[in-house]
Amino acid sequence: MDKIRIIGGVPLEGTIRISGAKNAALPLMCAALLTEKPFTLTNVPYLADIVTMTKLLMQHGVEMSMTDAHARQTMGGITLGRTLVLDASNIFNKTAPYEIVRKMRASVLVLGPLLARFGEARVSLPGGCAIGTRPIDLHLKALEQMGADIELDQGYIVAKAPKGLHGAEIYFNMVSVGATENIVMAATLAQGTTVLRNAACEPEIVDLVQCLRGMGANIHGEGTPTLTIHGVPTLGSVFHHVMADRIEAGSFLACVALAGGDVTLTHAPVDAMLPVLEKAREAGVVLHTPNHQTLRITSQGKLEPVDIITQPHPAFPTDMQAQFMAMMLLTSGTSTITETIFENRFMHVPELMRMGANIQLKDRLAIVKGVPKLNGAEVMATDLRASISLAIAALATPEETVIHRIYHLDRGYENLEAKLSACGADIVRMK
Ligand code: EPZ
């Protein structure tokens with residue numbers, strides 16, 4: 001299994017180009033199932049999860065092609081281009097198999113599109129993952145309200161809507177990004193109007209809605225808790241640019257904040273990062289945003305403690321919790337981090353403590369007491385964002401750190417070593 005060796009203690013200097021957002025690209029790729037016309041995405045990131053989604057869609061019958069011959073990268077046996085053309089005119093399989101779904105929960109986002117366009121879908125229940133049980137009850141309840149028959153058969157959701165889906169008034173009793181995305185996509189082809197209340201407002205949902213609108217969908221309210229979708233008979237072709245990754249950008253911000261240095265992020269979604277930028281400034285990081293896509297980060301590595309509560313957008317994102325915890329390890333005081341979204345998203349804590357961090361856990365609260373320094377260690381990645389928090393900590397100590405199981409990292413960070421090495425980091429991948 002690949003591992004990464006980091007020797008830190010050196011300020012980072014340079015420029016990093018932010019890639020397309022994993023959490024926008026994955027639902028966008030599923031939206032291709034809604035139309036038989038060519039569906040083109042640009043600014044697609046080179047990530048293991050994109051490869052997994054490509055394999056999932058291809059086994060449904062989606063044909064993939066790339067138009068930018070120069071910018072290609074082969075991962076997991078699939079050659080990815082920045083620009084993907086997806087053709088879902090010949091879908092011959094409506095089943096999303098367990099062996100793919102269990103590896104990537106976002107696979108359940110094919111459920112809404114398949115049901116809406118074909119009236120049937122058979123999708124494996126995803127099962128739990130490292131950060132929580134992550135059920136999909138909200139997705140299923142909403143689809144039933146839209147007229148779907150949902151049954152569970154040997155771990156698979158068997159969904160049928162032979163007369164098609166119809167609009168409904170749906171209230172989500174908790175905010176769910178995936179449920180909002182699945183139902184928005186399903187509602188685009190439903191008969192009548194669907195109103196979603198307590199919907200998620202994440203920027204990636206705004207990006208998805210803009211793409212769906214480009215296909216001819218009739219949707220209003222994206223970015224607010226109330227979405228109104230008027231169903232249309234069919235959807236057409238679209239050429240959509242995937243929004244930049246606010247979590248990748250926030251992760252690099254945390255690297256520079258703790259290691260120190262002066263780094264400029266280009267093609268960054270500054271306006272989608274406001275809660276993270278606010279907290280970073282509170283911690284003493286100096287940030288300049290000369291325009292909406294450029295973020296210059298300057299830090300001496302000495303940060304002030306802050307208190308963080310993760311909540312749905314536009315509050316502080318749970319996907320940045322582990323990274324900010326790493327940022328707080330060397331402050332002069334005590335920080336508190338409350339994780340309200342997932343029940344088990346502190347898997348990085350024991351690993352950070354092996355590097356000398358002082359963290360106390362009380363249920364969903366982490367109390368981080370700053371220490372004078374961190375030591376290098378052999379540590380293990382447990383989930384995507386936990387793995388980057390280990391790299392952030394490793395960059396702040398001159399001792400050697402080796403991070404094992406970095407397939408977690410490869411799911412959500414494109415060419416991490418190259419981007420950090422270009423800013424002076426000593427980071428190498430080892431077999
Ligand atoms: C999306 O996951 C993201 N993944 C996650 O990013 C992110 O952490 C999460 O949203 C929250 O922002 C993608 O976009 C591919 P949810 P999702 O449905 O949709 C509970 C990363 O690191 N819930 O908003 O699965 C659920 O258990 C990943 O990039 C139900 O109870 O998250 C969780 O506690 C990790 N029933 C909470 O809601 C449901 O039917 C939020 O989950 C659905 C969700």
Looking only at side chains, do [X] and [Y] share a donor and an acceptor under 3.5 Å apart?
X: Y413; Y: S251; result: yes
X: Q323; Y: S389; result: no
X: T382; Y: E351; result: no
X: H230; Y: T193; result: yes

**OP:** Please assess S89 against K37 for the test side chain to side chain donor-acceptor pair (under 3.5 Å), listing each intermediate value before the final yes or no.
**Re:** CA-CA 7 Å; S89 60; K37 305 288 189 207; over 6 Å; no
For residues [X] and [Y], determine if any side-chain heavy atom of one lies less than 4.5 Å from a side-chain heavy atom of the other.
X: N358; Y: V368; result: no
X: I150; Y: K141; result: no
X: M325; Y: I359; result: yes
X: R345; Y: D319; result: yes
X: I297; Y: T264; result: no
X: V62; Y: D87; result: no
X: I367; Y: K362; result: yes

**OP:** For a side chain to side chain donor-acceptor pair (under 3.5 Å) with H240, tell me which candidate from N43, D207, T42, T40 qualifies.
**Re:** D207
**OP:** Step by step, work out the salt bridge (charged side-chain N to carboxylate O under 4.0 Å, His left out) result for E282 and K279.
**Re:** CA-CA 5 Å; E282 191 185 322; K279 269 300 164 186; 3.1 Å; yes
Decide if atom [atom1] of [X] counts as having more than 12 heavy atoms of other residues, nucleotides or ligands within a radius under 6.0 Å.
X: R213; atom1: CZ; value: yes
X: E99; atom1: CD; value: yes
X: E63; atom1: CD; value: no
X: R17; atom1: CZ; value: no
X: H292; atom1: NE2; value: no
X: R405; atom1: CZ; value: no
X: K55; atom1: NZ; value: yes

Original post:
Between T188 (side chain) and M185 (backbone), is there a donor-acceptor pair under 3.5 Å?
Top reply: yes
Can you see which heavy atom on [X] is nearest to which on [Y], and at what distance?
X: P233; Y: L189; result: O-CD2, 3.7 Å
X: A381; Y: S387; result: CB-CB, 3.4 Å
X: A31; Y: M215; result: O-CE, 3.7 Å
X: A24; Y: E204; result: N-CG, 3.7 Å
X: I131; Y: F342; result: O-CB, 3.5 Å
X: P275; Y: A315; result: CG-O, 3.5 Å

**OP:** Start with the C-alpha distance between Y98 and Y156, add both sets of side-chain angles, then the distance that settles ring-ring contact (aromatic ring centres under 6.0 Å, His included), and finish with yes or no.
**Re:** CA-CA 8 Å; Y98 176 65; Y156 279 76; 7.5 Å; no
**OP:** Using the six-membered ring of Y46, assess whether NZ or CZ of R82 lies under 6.0 Å from its centre and within 45 degrees of the ring axis.
**Re:** yes
Subject >> Derivation of the salt bridge (charged side-chain N to carboxylate O under 4.0 Å, His left out) call for R5 and D426 >> reply: CA-CA 8 Å; R5 191 215 66 197; D426 179 350; 2.7 Å; yes
Less than 4.0 angstrom from a charged side-chain N to a carboxylate O is my criterion; do [X] and [Y] meet it?
X: K22; Y: D245; result: no
X: R411; Y: D383; result: no
X: K3; Y: E378; result: no

**OP:** Show your working on side chain to side chain donor-acceptor pair (under 3.5 Å) between D49 and T52 and close with a plain yes or no.
**Re:** CA-CA 5 Å; D49 272 9; T52 305; 4.6 Å; no
Original post:
Do the ring centers of F39 and F239 come within less than 6.0 Å of each other?
Top reply: no
Subject >> Step-by-step salt bridge (charged side-chain N to carboxylate O under 4.0 Å, His left out) determination, E120 to K160 >> reply: CA-CA 4 Å; E120 59 171 313; K160 292 192 175 70; over 6 Å; no
